[in-house]
A.B. asks: 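Got a structure for you, written out below as structure tokens; questions coming shortly.
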2 protein chains.
Amino acid sequence: MPSISDVAKLAGVSVTTVSRVINNSAHPVNQETRERVLKVAQELNFVPNALARALVSDSTHMIGVLVGDASDPYFATILRGISVIAREEGYLTMICNSDRLPEIELSYVQMMSNYHVDGILFTGGGLTDSSYIQEMRNLLADLQERGVPVVLLGTHRFSAPQVSIDNVQAAMDMTEYLISLGHKRIGFINGPDLLTTSALRLEGYCKALEKYGIPYDPGIVVSSEFTYEDGQRATDLIISCPERPTAIFGSNDLTAIGCLSRLRERGIQVPEEISVAGFDDISAARYVNPPLTTVHVPMWDLGAAGMRHLLKLIKGEAQAVEETYLLPYTLEKRQSTAAYPGR
Amino acid sequence: MPSISDVAKLAGVSVTTVSRVINNSAHPVNQETRERVLKVAQELNFVPNALARALVSDSTHMIGVLVGDASDPYFATILRGISVIAREEGYLTMICNSDRLPEIELSYVQMMSNYHVDGILFTGGGLTDSSYIQEMRNLLADLQERGVPVVLLGTHRFSAPQVSIDNVQAAMDMTEYLISLGHKRIGFINGPDLLTTSALRLEGYCKALEKYGIPYDPGIVVSSEFTYEDGQRATDLIISCPERPTAIFGSNDLTAIGCLSRLRERGIQVPEEISVAGFDDISAARYVNPPLTTVHVPMWDLGAAGMRHLLKLIKGEAQAVEETYLLPYTLEKRQSTAAYPGR
DNA sequence: TATAATATGGAAAACGGTTTCCGGAAAACG
DNA sequence: CGTTTTCCGGAAACCGTTTTCCATATTATA
């Protein structure tokens, strides 16, 4: 690969000058010289080594993105938002998939730090394991102290600016909607116990029940992973309850869609016999049968807003205050929910 | 951040020695000295700067991954496979989402090159634009010449090792399956015209028709993007054909699922009136109603195999021959297809 | 016309590591 | 006991940039 000194030699100038022209430095350089350098650089197909440049300028133009599961449509969409904004601003993303494993999350953050990323977008698992939290807290604090900004996407228990939606309120709204349809017995497919988001959505569900004086029945609230399969499993548990619910609220779309498919297998009509609601509004929600009523989370915007804020922090256009920026959500009422008793 | 010389100073040795102990160099270093260095490094929380290290060792341990659309479940799953293997081997992935835009693909590859990635996994759009192909070809050739291995995932028209499945044969198999069910008029939702994969799957479809002497009718073959929405649009076109097909083969699952939902909206029973088949076997395929008959593409394995091969090339354990490694696929026969005429 | 300001370019010191080459001490060998 | 190895450690070059500081030539100012 041609280096800057190759260009310098061929153009008969010093590397200093070459550096100046390719960086459009403020330091004046003769028009004629400039053109000569540019011409040689072109011919040699010279492109500056980003590593060397980063080493001295202490800015890599790389953003570390930590994600729990990039194949989950929820995160995948967030990633799109992130990468579009990053690209617009000339930043590169180092996307790391932790599979929600605590040790892996920690090691990735460490690696990002070693590579001197300019900032970190933390979309990770939102795990609640306490020793993990402690370690990650230290890691993130160190980073921020060293001037590496961090932005949290979704709900996390670290101290850094955070971009999210109001999970509690949204879950409460959806539950109230089901109640408004006449449902009094509403099953809840909770998210994984070790995710903070799960707790919040569950809280919203409970608050709504409480508001309407509906007793909380642990028998129809079951925890699951955020997957189709677990949505099916949870559904089996919920419908095997002696007094079967007339509605099931899945705390994400994947589980709700799993629920839908299991109910169909069992010959239970949706929404005639049981209404089903989800959370997230992944694109599949619109295409399942029946189309899923769900909370629309602006995933793309979440990613984009997080990245925009991170870039502001990097450029010093904003101060890192520990604040949560909430984006608006909406209720998408589709055909998987209906009034009870039946139409 | 503490540097190697800070450690050296505090441990009372030279940077050379520090480098040797943290790298477990073959050069012998006294056990006592080694421990002292390790202790100081620990205390200072020293971690070597990956950029500096990469600059001199000419190996970044970063893999550039180019992907057309990371939120497409097909690619998302491939990415999982990629990142798991990468992690196992201590490599970091720089994932770049091109949105299938030619200029962006080119600029990303250029950027990866500037960052001196150790290898490139090319999962990009598979675009057919000719000037793009020419430029990309040059770029990739340059890279390989410079010793940066490239592995292609899926079908591409560049010269590098390639990991894929036999798209032609698979599409042919599925078409033959439909024919074996008694269908003689089979609609085809083709992929985007500018994707090489589309052409292959279409070819398989045609070959099957030919084999059974079924005339090819362009009226029931329509091109679409690989999205739900376009699957719906294509379906409208196909079913508005005077002599309506009794089966529709979508060349990926997203379009096939879009097809399913549109048929339902139109009140057309699947599979009683029309059979529907897809391609890819994304996880949603199993959960739609009715579960989708589709070609199972081992997406995760595709990613993993590609990454494994790339790592071999990087480590010099394999030679970069321009060869295509085909992974096995299977036909998943589910409930969206049935014999014609109806049961 | 003497002097200050500006335009233009280079030398050299960083940045933070790895690696080659070398030298002295201790151990092994004859 | 002299000589060859082996063990251990350091000096310095290098990777490819940016940037500070300085030098010279040219032009503007008084």
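Atom set for the values below is all heavy atoms of this structure, side chains included, hydrogens, waters and symmetry mates excluded. Model, not experiment: these values are computed from the prediction. Proteins come first, then strands; the chains are lettered A, B, ... in the order of their sequence lines, and each starts at number 1.
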A.B. asks: To the nearest Å, give me how far apart CD1 (A:Ile22) and P (D:dT19) are.
C.D. replies: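 To the nearest whole Å, that distance equals 11 Å.
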A.B. asks: So what does A:Pro28 touch, heavy atoms closer than 4.0 Å: a base, only the sugar-phosphate, or nothing?
C.D. replies: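 Touches a base.
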A.B. asks: Touch check for A:Ser3, heavy atoms < 4.0 angstrom, all strands: base, sugar-phosphate only, or nothing?
C.D. replies: sugar-phosphate
A.B. asks: In terms of ring plane angle, is the pair B:Tyr91 and B:His61 parallel, tilted or perpendicular, where the classes change at 30° and 60°?
C.D. replies: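 Parallel: the ring planes of B:Tyr91 and B:His61 meet at under 30°.
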A.B. asks: What does C:dG30 pair with, Watson-Crick or G-U, if both distances are under 3.5 Å?
C.D. replies: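 For C:dG30, the partner nucleotide comes out as D:dC1, under the 3.5 Å rule.
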A.B. asks: What does B:Ser25 touch in the nucleic acid at a heavy-atom separation under 4.0 angstrom: a base, only the sugar-phosphate, or nothing?
C.D. replies: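 Result for B:Ser25 = nothing.
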A.B. asks: Give a yes or no on whether a donor-acceptor pair under 3.5 Å exists between the nucleobase atoms of D:dG9, that is its base, and the side chain of B:Arg20.
C.D. replies: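 A donor-acceptor contact between them is present.
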A.B. asks: Where the side chain of B:Val56 is defined as all heavy atoms beyond and including C-beta, which of D:dG9, D:dT17, D:dC15 is the nearest nucleotide?
C.D. replies: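 Closest of the options to the side chain of B:Val56: D:dC15.
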A.B. asks: Please round to the nearest 0.5 Å and tell me the distance separating atom CD of B:Glu89 and atom CD1 of B:Ile314.
C.D. replies: 10.0 Å
A.B. asks: Is B:Glu317 salt-bridged to B:Arg308, going by a charged N under 4.0 Å from an acidic O?
C.D. replies: no
A.B. asks: Any donor-acceptor pair under 3.5 Å between the side chain of A:Ser14 and the base of C:dA11?
C.D. replies: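 Counting by modelled atom types and ignoring angles, no donor-acceptor contact under 3.5 Å is found here.
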A.B. asks: So what does A:Thr17 touch, heavy atoms closer than 4.0 Å: a base, only the sugar-phosphate, or nothing?
C.D. replies: sugar-phosphate
A.B. asks: Give the rounded distance in Å between these two atoms: CG of A:Asn30 and P of C:dA7.
C.D. replies: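 Between P of C:dA7 and CG of A:Asn30: 12 Å.
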A.B. asks: With a non-hydrogen cut-off below 4.0 angstrom, is B:Thr16 in contact with a base, only sugar-phosphate, or nothing?
C.D. replies: base
A.B. asks: For A:Glu32, I'd like to know if atom CD has over 12 heavy atoms of other residues, nucleotides or ligands within 6.0 Å.
C.D. replies: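 It does not: A:Glu32 CD has 12 such atoms or fewer within range.
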A.B. asks: On DNA chain D, check which nucleotide each of B:His27 and B:Leu55 is closest to and give me the residue with the more 5' one.
C.D. replies: B:His27
A.B. asks: We want to know whether A:Arg36 and A:Asn30 form a side-chain donor-acceptor pair, criterion being a heavy-atom distance below 3.5 angstrom.
C.D. replies: no
A.B. asks: Ignoring backbone atoms, establish whether B:Ser19 has a side-chain N or O less than 4.0 Å from OP1 or OP2 of C:dG17.
C.D. replies: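 So the side-chain polar atoms of B:Ser19 never come under 4.0 Å of the phosphate oxygens OP1 or OP2 of C:dG17.
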A.B. asks: So which one's nearest nucleotide on DNA chain D is more toward 5', B:Val29 or B:Ala52?
C.D. replies: B:Val29
A.B. asks: Please work out if A:Asn23 contacts a base, only the sugar-phosphate, or nothing of the nucleic acid, heavy-atom cut-off 4.0 Å.
C.D. replies: sugar-phosphate
A.B. asks: What is the distance, to the nearest angstrom, from the CE atom on B:Met1 to the P atom on C:dG17?
C.D. replies: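 Checked: the CE to P distance equals 8 Å.
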A.B. asks: Once you round it to whole Å, what is the distance between C1' of D:dG16 and NZ of A:Lys9?
C.D. replies: 12 Å
A.B. asks: Please state how far atom CG in B:Asn24 lies from atom C1' in C:dT18, giving the value in whole angstrom units.
C.D. replies: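 Computing the B:Asn24:CG to C:dT18:C1' distance gives 15 Å.
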A.B. asks: Would you indicate what A:Val47 reaches in the nucleic acid, counting non-hydrogen atoms under 4.0 angstrom: base, sugar-phosphate, or nothing?
C.D. replies: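 Result for A:Val47 = sugar-phosphate.
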